[in-house]
Amino acid sequence: MSTDDKNRAIAAAILPLVGGAGNISSVAHCMTRLRLGLHDRSLVQDEALKALPSVMGVVEDDTYQIVLGPGTVARVTPEFEALVAEAPAAAHSAAELADRGAALKAARKAKNATPFKLFLRRIANIFVPLIPALIGCGIIAGLNGLLVNLGWLPGVTPALAAMASGFMALIAVFVGYNTAKEFGGTAILGGAVAAIIVFPGVAKIDAFGQTLSPGQGGVLGALGAAVLAVYVEKWCRRWVPESLDVLVTPTLTVLISGLVTIFGLMFVAGEISTAIGEFADWLLANAGAGAGFVLGGLFLPLVMLGLHQALIPIHTTLIEQQGYTVLLPILAMAGAGQVGAAMAVYLKLPRNGSIRRTIKSALPAGFLGVGEPLIYGVSLPLGRPFVTACVGGAFGGGFVGLFSMLGDSVGSTAIGPSGWALFPLLDGNKGLGETIAIYAGGLLVGYLAGFVATYFWGFSRELLEEFDVDTEPAAEATTADGSPEPAQEPVKV
């Protein structure tokens with residue numbers, strides 16, 4: 001079977017289990033998940049979906065999210081969209097389906113859509129589409145640094161430097177574009193206003209008693225400038241006559257937002273960005289072990305609550321300022337704790353073939369930093385192993401933070417990957433070998449601490465009695481006369 005056929009087969013297997021094409025209101029994907037808007041949640045067959053070999057787990061938030069893993073989801077989504085588009089009209093109209101699911105949908109939104117979470121979700125929607133470029137450019141930057149240090153290919157390294165730096169030099173423009181799009185404005189106007197921040201000519205302008213510098217305010221300034229542009233544009237749409245709208249609205253949007261950006265936002269956002277960088281450096285230099293312990297231990301709960309999205313602009317700001325974010329390698333230790341906990345669960349439940357198979361299939365992804373299958377398929381449903389996984393992340397984070405206190409900063413040139421997948425993106429203030437060794441040491445500590453905490457404290461007697469049972473159907477035996485014997489009941493420990 002070709003790759004295209006395989007991806008289409010995965011999409012075809014998923015579609016009927018989510019209620020068919022008529023139940024789909026929207027289709028999107030992030031790095032690991034197929035995100036579906038549904039008319040009627042009750043039509044979804046959760047257990048059947050989880051049983052598909054290609055599905056690592058399911059998550060319910062503002063959308064129904066099917067975890068397929070990096071790479072796979074980007075290939076399956078277009079096939080899924082095509083199947084939805086090709087499907088014949090449903091027996092029931094979309095309006096009827098929407099009415100049937102309205103009560104459930106409203107209840108979920110009322111529970112999860114707090115103003116703060118909606119705001120964080122919008123922030124994530126702005127920055128998540130930038131992650132592939134951050135990863136690609138970050139790896140090229142790491143390769144270029146390695147070649148420069150070795151003195152190899154001197155004629156090629158300037159080209160690699162240009163490839164690695166071009167996107168970061170203009171990242172404010174992309175942030176402005178995505179921000180305006182997310183907040184309901186004209187995307188290109190958001191990009192146009194944000195472009196002012198990186199324009200070299202701002203070096204001739206004085207504001208607040210100082211000369212501006214290109215890039216001052218960075219992604220935070222671009223974010224604020226684009227949001228302002230959206231509000232100015234919407235105001236113009238209400239008051240400018242339709243006959244003049246095409247000329248007046250974009251002009252006033254860029255003019256008003258641009259002036260406020262130059263003579264206000266660039267300075268303010270620049271001060272905030274500088275403060276973020278200085279605080280991160282101070283925190284890890286003075287309380288690195290403790291800060292790393294807390295950050296590594298709390299990251300999995302933050303992911304569960306959706307609050308980790310607040311860190312995305314902070315990571316991006318640090319990368320823009322320093323070339324790498326010192327927070328991501330510490331937070332990545334949460335995944336190491338999760339892997340260690342899963343290995344302990346595997347040993348503690350020798351009779352439960354179902355959970356052990358889930359762990360065996362999900363561990364490779366876990367080592368590469370994709371934690372959803374282990375979280376939603378193993379530790380979170382069991383309860384206590386999720387807590388002990390956090391303990392593992394705390395000890396790994398404390399290990400990396402300790403070295404920050406000793407002057408060895410370990411950072412990542414991009415956001416998105418973690419686990420072993422973060423190795424090509426590592427950077428720091430010391431040699432690459434030392435940086436890699438510290439990060440690898442943190443992973444080992446996280447694995448070990450997560451394993452030990454889960455093996456010795458992750459299971460109560462009641463939990464073992466409930467889950468350490470033979471989940472496989474007994475093999476059919478025969479009596480002496482050839483007739484089948486009745487299957488035996490599973491024996492609990």
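- Side chain to side chain, Ser354 and Asn352 fail the donor-acceptor criterion of an N or O pair below 3.5 Å.
- Arg33 is not listed as a side-chain neighbour of Ile66, based on a closest heavy-atom distance of 4.5 Å or more.
- When atom types are taken as modelled, the side chain of Thr388 and the backbone of Ala453 share no donor-acceptor pair closer than 3.5 angstrom.
- The minimum heavy-atom distance between Lys181 and Ala187, with the atom names listed, is CB-CB, 3.9 Å.
- For the pair Leu425/Ile415, no side-chain contact is recorded, criterion being any heavy-atom separation below 4.5 Å from C-beta on.
- When side chains are defined from C-beta on, Ser257 does not count as touching Tyr231, because their heavy atoms never get closer than 4.5 Å.
- Between the side chains of Glu233 and Thr249, no donor-acceptor pair of N or O atoms lies under 3.5 Å.
- In this pair, Trp239 and Trp235 present their aromatic rings tilted. The plane angle is within the 30 to 60° band.
- Inspection of the Ser273 and Gln321 side chains reveals no N or O donor paired with an N or O acceptor under 3.5 Å.
- By the 4.5 Å heavy-atom criterion applied to side chains, Leu374 and Val339 are counted as neighbours.
- Relative to the ring axis of Tyr455, Lys348 places its NZ or CZ within 45° and under 6.0 Å from the centre.
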Next item on the list: Test Arg8 against Glu86 for salt bridge (Lys or Arg N to Asp or Glu O under 4.0 Å), laying out the working first.
Entry: CA-CA 13 Å; Arg8 192 170 182 87; Glu86 294 167 4; 2.8 Å; yes
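- Atoms CZ and CD, from Arg35 and Gln65 in turn, are 4.0 Å apart once rounded to the nearest 0.5 Å.
- For the residue pair His29 / Thr77, no side-chain donor-acceptor distance below 3.5 Å is found, with atom types taken as modelled.
- Annotation: the span from Ile126 atom CD1 to Asn178 atom CG amounts to 7.5 Å, rounded to 0.5 Å.
- Considering all non-hydrogen atoms of both residues, Val198 and Ala172 come closest at CG1-CB, 3.9 Å.
- Looking at Ile123 and Leu223, their side chains come closer than 4.5 Å, going by heavy atoms from C-beta outward.
- Around the CZ atom of Arg384, the shell of radius 6.0 Å holds more than 12 heavy atoms that belong to other residues, nucleotides or ligands.
- More than 12 heavy atoms of other residues, nucleotides or ligands lie within 6.0 Å of CZ in Phe423, so this atom counts as buried by the packing criterion.
- Side-chain atoms of Asp46 and Tyr64 form a donor-acceptor pair, as typed in the model, at a separation below 3.5 Å.
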